[in-house]
Amino acid sequence: MDAIVLLGPPGAGKGTVAEMLKKSTPYQHVSTGDMLRAAIKAGSEVGLKAKSYMDKGELVPDAAIMGIVGERLEKEPNGRFMFDGFPRTNEQAELLDKVIERIGGKLRRVFLLDVSRAVLIDRMCGRRICKTCGAVYHERNIPPKKAGICDVDGGPLVQRPDDKEDVVANRLDVYQRQTASLISYYEGKGLLYRVAAEKSGAETEKRIRAELGL
Ligand code: AP5
């Protein structure tokens with residue numbers, strides 16, 4: 001396995017830049033948030049359990065996350081993966097290290113997307129997603145061609161339940177409490193690369209590709 005991680009607070013643009021990198025590099029986009037939202041939509045046991053945490057902006061327990069990620073990785077031990085929103089706790093990071101060691105492979109780089117709190121709040125509160133295909137827009141920054149309608153499949157655009165202002169504030173606190181320690185974890189391993197991510201997604205994508213030599 002060959003992997004990279006996109007690390008950063010909610011709203012930093014991880015998913016947006018991952019969708020670009022998916023087209024311009026050999027890495028597959030693995031978003032635990034998207035996997036959980038798909039599980040909720042499918043009404044699976046994992047989805048039902050995850051929903052109560054996600055709606056409040058809390059993290060889903062590590063065991064559930066490692067279950068869905070582990071299943072994905074075991075299917076393709078030689079895959080090239082770009083993790084978005086994973087790992088999110090020290091325990092998840094340590095378990096990922098163990099999985100990589102067991103199936104053989106390398107964590108190549110961890111990209112930290114640096115964005116100020118004010119911009120994060122604006123990005124999350126203005127985000128709209130397609131109810132049917134999940135495509136992501138921003139009402140001002142990255143609007144659809146026709147207001148409220150998805151460019152890809154014509155589905156209606158809605159706000160994510162966890163993008164409401166009170167939940168957004170909790171998600172930022174949860175990031176500081178439970179995820180920000182991964183910055184020093186990966187710095188200590190010499191894997192961290194900081195990317196100033198307040199400019200366009202294309203600019204962030206270009207910097208990441210340059211660092212990867214792709
Ligand atoms: P998840 O879906 O992973 O959410 P997140 O990490 O909070 O990240 P976001 O999706 O909010 O933001 P993003 O950085 O991808 O930004 P985006 O590109 O969309 O997780 C949701 C929940 O699931 C968690 O709260 C937790 O409960 C649970 N969960 C998931 N993984 C877990 C795990 N590993 N462990 C435990 N629980 C887990 O961009 C944001 C907005 O900005 C968009 O509107 C976009 O159009 C716009 N935008 C993006 N880039 C730019 C730019 N350069 N300029 C202007 N606008 C931009």
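Read the numbers this way: they start at 1 and go in the same order the structure lists the ligands and their atoms.
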For this session: Report yes if Arg88 has an N/O atom closer than 3.5 Å to an N/O atom of ligand 1; otherwise report no.
Result: yes

For this session: Give, for atom CG of Asp153 and atom OG1 of Thr132, the distance between the pair rounded to the nearest 0.5 Å.
Result: 3.5 Å

Exercise. Is Leu36 touching ligand 1 with its side chain, its backbone, both, or neither, if touching means heavy atoms under 4.0 Å apart?
Worked result: side chain

Exercise. Is Ser200 in contact with ligand 1, taking contact as a heavy-atom separation below 4.0 Å?
Worked result: yes

Exercise. Going by the order shown, which atoms of ligand 1 are within less than 4.0 Å of some heavy atom of Arg37?
Worked result: 2 (O), 21 (C)

Exercise. Considering only heavy atoms of Ile65, which atoms of ligand 1 have at least one such atom less than 4.0 Å away?
Worked result: 32 (C), 33 (C), 34 (N), 35 (N), 36 (C), 37 (N), 38 (C)

Exercise. Just which atoms of ligand 1 are under 4.0 Å from any heavy atom in Gly15?
Worked result: 13 (P), 15 (O), 18 (O)

Exercise. Of the protein's non-hydrogen atoms, which lies at the shortest distance from atom 9 (P) of ligand 1, and what is that distance?
Worked result: Arg127 NH1, 3.3 Å

Exercise. Can you find an N/O atom of Arg160 closer than 3.5 Å to an N/O atom of ligand 1?
Worked result: yes

Exercise. Is the closest N or O pair between Asp163 and ligand 1 shorter than 3.5 Å?
Worked result: no

Exercise. Should Arg128 be listed as contacting ligand 1, given a heavy-atom distance under 4.0 Å as the test?
Worked result: no

Exercise. Taking only heavy atoms of Glu58, which atoms of ligand 1 are found under 4.0 Å from at least one of them?
Worked result: 26 (C), 27 (O)

For this session: Indicate yes or no: does an N/O atom of Tyr53 lie under 3.5 Å from an N/O atom of ligand 1?
Result: no

Exercise. Using a heavy-atom cut-off of under 4.0 Å, does the side chain or the backbone of Glu19 touch ligand 1, or both, or neither?
Worked result: neither

Exercise. When you look for heavy atoms under 4.0 Å from ligand 1, do you find them on the side chain of Asn141, its backbone, both, or neither?
Worked result: side chain

Problem set entry | Lys/Arg-Asp/Glu bridge criterion (N-O < 4.0 Å) met for Asp163, Arg127 | yes

Problem set entry | Min N/O separation Gly11 to ligand 1 under 3.5 Å | yes

Exercise. Does any N or O in the side chain of Thr179 come within less than 3.5 Å of the main-chain N or O of Thr89, such that one atom is a donor and the other an acceptor?
Worked result: no

Exercise. Which heavy atom in Arg128 sits nearest to a heavy atom in Glu139, and how many Å separate them?
Worked result: NH2-OE1, 3.1 Å

Exercise. Of all the heavy atoms in Ala12, does at least one lie under 4.0 Å from an atom in ligand 1?
Worked result: yes

Seminar exercise, completed: The atoms of ligand 1 lying under 4.0 Å from a heavy atom of Gln92, numbered in the order shown, are 33 (C), 34 (N), 35 (N), 36 (C)

For this session: Decide, yes or no, whether a salt bridge links Glu187 with Arg194 under the criterion of side-chain N to carboxylate O below 4.0 Å.
Result: yes

Seminar exercise, completed: Correct closest heavy-atom pair for Cys125 and Glu165 would be SG-CG, 4.1 Å

For this session: Could you tell me whether some N/O pair between Val17 and ligand 1 is separated by less than 3.5 angstrom?
Result: no

Exercise. Heavy-atom contacts under 4.0 Å between Lys199 and ligand 1: side chain, backbone, both, or neither?
Worked result: backbone

For this session: Compute the shortest N/O to N/O distance between Val136 and ligand 1 and return yes if it is under 3.5 Å, no if not.
Result: no

For this session: Look at ligand 1 and say whether Gly126 reaches it with a heavy atom at a distance under 4.0 Å.
Result: no

Exercise. Heavy-atom distance under 4.5 Å between the side chains of Tyr137 and Leu157, does that happen here?
Worked result: yes

For this session: State the atoms of ligand 1, each with its element, that fall below the 4.0 Å cut-off from a heavy-atom position in Gly201.
Result: 53 (N)

Exercise. Looking only at distance, does Arg171 have an N or O less than 3.5 Å from an N or O of ligand 1?
Worked result: yes

For this session: Measure the spacing between CG of Asp97 and OH of Tyr185 and express it to the nearest 0.5 Å.
Result: 3.5 Å

Exercise. Applying a 4.0 Å heavy-atom criterion (strictly less than), which segment of Glu203 is in contact with ligand 1: side chain, backbone, both, or neither?
Worked result: neither

Exercise. Ligand 1 versus Ala18, non-hydrogen atoms closer than 4.0 Å: side chain, backbone, both, neither?
Worked result: neither

For this session: Check whether any heavy atom of Glu139 sits under 4.0 Å from an atom of ligand 1.
Result: no

Exercise. Nearest heavy-atom pair of Val99 and Leu73: which atoms, and what distance?
Worked result: CG1-CD1, 4.0 Å

For this session: Report yes or no: is the cationic atom of Arg109 (NZ for Lys, CZ for Arg) closer than 6.0 Å to the six-membered ring centre of Tyr193, at no more than 45° off its axis?
Result: no

For this session: Using a strict 4.0 Å cut-off to heavy atoms of His138, name the atoms of ligand 1 that fall inside it.
Result: 44 (O), 46 (O)

For this session: Report the part of Thr16 (side chain from C-beta onward, or backbone N, CA, C, O) that has a heavy atom under 4.0 Å from ligand 1; answer both or neither where that applies.
Result: both

For this session: Classify the angle between the aromatic ring planes of Phe83 and Phe81 as parallel (below 30°), tilted (30 to 60°) or perpendicular (above 60°).
Result: parallel

Exercise. Is the shortest heavy-atom distance from the side chain of Leu36 to the side chain of Met54 under 4.5 Å?
Worked result: yes

For this session: Would you mind telling me if ligand 1 is within reach of the side chain of Val60, the backbone, both or neither, using heavy atoms under 4.0 Å?
Result: both

Exercise. Within the distance-only criterion (no hydrogens, no angle test), does the side chain of Gln92 pair as donor or acceptor with the backbone N or O of Arg88 below 3.5 angstrom?
Worked result: yes

For this session: Just jot down the ligand 1 atoms closer than 4.0 angstrom to any heavy atom of Tyr137, in number order.
Result: 43 (C), 44 (O), 46 (O)

